[in-house]
Student: 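Handing you a structure now.
Keep in mind that what you see is a predicted model, and the values were worked out from it rather than measured. Each ligand, and each atom within it, is numbered from 1 in the order the structure gives.
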Amino acid sequence: MTRAVSADWVLPVDGPPVQDARVVWDDGRILEVVPGRAARHYPGAVILPGLVNAHSHLEYAVYAGFGDGQPFGDWLATHIVRKRALGFDEMVAIATRGAADSLAAGITTTADYSYSAASAAAAAATGLRAIVYLEVFASDPAEAERQFDAARARVDESDRVTLGISPHAPYTCSVEVYRWCLSLGIPVGTHLAESAAENEWLTAGTGPLAPGEEILVPPTGKRAVATLEDVLGPDLLCAHCVDLDPAEIDALAARDVPVAHCPRSNALLGCGIAPLADLRAAGVRVGLGTDSPASTPSFDAWEELRAAIYASRSRERRSDALGAEDALRLATLDAARALGLEREVGSLTPGKRADVTVLSLAGSPYDPVEDPAVAAVFGGSPAGILETIVDGQTRYRQGEDAWQEVRSTSSAARRRMLA
Ligand SMILES: [Zn+2]
């Protein structure tokens, strides 16, 4: 059945904004973006492609503030201890809350690194599109395989939920484990060069990570990028990439390594500001990621967009270091490219999936609208999301919350973790 929504503005992202326009789809795929009204018209709003989150951990949705201000190693230890208090059902409830919060923020696709596989069930229940990268922590590929097999039994793959694997980081997995993960032919994602502490452990075996020695692989004598030199490529999504030197940026570009940029997480953990402008100038595929409330306050992709702009303009000391339109691409089409999903999602292009976000700008400082990209990026928030559509189906509508039970279960789980 053909359906449509219209608003004052449509931002297709693959082309210029269209004023007073509608997005039309049929059977879950976009047919056209054309001027004119639909029966479902949203005044004072802008229609965007569903946002693509290049890095999340849905199962940490209620971990906000744990270990705030602690050094990275202590922060990690706090999370590991508290996570042990949870059963799998609680993990699913927490991840489902994360998925519901993502949809309520206008996110329609997420690249989720999952410790327990709970996010696969969460995505399936809520209708969020997800690549679920099951995390492994191992120096021996046989141990990684054991962890992966145990978790993958909990993943039901579908049209919207895709199985992947995540060798956690070069300081917790050996290069042999990375090589084995990449041999599986499924999406692979990792954390790379998140902090100076990571490079210090890998090069010298010292620094803030050293107290966690029992879960770390031995130092390699090389920095993170050099450690993974043999396995870096277009099929290894790398989150963070903060502590990079210019030669390492060139190496990522030369190997077409996709990067997930997480500026709020990097700021709150005191890791630094990733060299976003240099990565983009070098031609690296960069998508924006919210990470999780374990390290950021929320799955609020709008706050993440603004953080990306604040950080980039501050780092470069130029107001044109990252414009609103480019920022929006980081959270849509560029993120889809980083995940290898650009033929399916990331822009309102005929033939792509009908993944659509409707954002109200009514009452924002950017209303009446001068530039819709500026207005959406600086005036957007989860509170302004009117409707989120995945595959042509409404998965969130303002004022409705189908997830009250999941919210109370996950709040109770947080209370237990704090006890
Ligand atoms: Zn992460």
Student: Using a strict threshold of under 4.0 Å (side-chain N to carboxylate O), is an ion pair present between Asp101 and Arg407?
Tutor: yes
Student: Would you call the rings of His55 and His57 parallel, tilted or perpendicular if under 30° counts as parallel and over 60° as perpendicular?
Tutor: perpendicular
Student: Would you call Glu303-Arg306 a salt bridge at under 4.0 Å N-O?
Tutor: no
Student: Identify whether the distance between the nearest side-chain nitrogen and carboxylate oxygen of Arg280 and Asp326 falls below 4.0 Å.
Tutor: yes
Student: Using a strict cut-off of 2.8 Å, how many protein N/O/S atoms surround the Zn ion (ligand 1)?
Tutor: 3
Student: Over 60° means perpendicular and under 30° means parallel, so classify the ring planes of Tyr115 and Phe137, tilted if in between.
Tutor: perpendicular
Student: List the atom pairs, donor and acceptor, that lie under 3.5 Å between side-chain atoms in residues 158-165 and the rest of the protein, sequence neighbours left out.
Tutor:
from	atom 1	to	atom 2	distance (Å)
Ser158	OG	Arg160	N	3.2
Ser158	OG	Val161	N	3.1
Asp159	OD1	Arg353	NH2	3.3
Asp159	OD2	Arg353	NH1	3.0
Arg160	NH1	Asp391	OD2	2.9

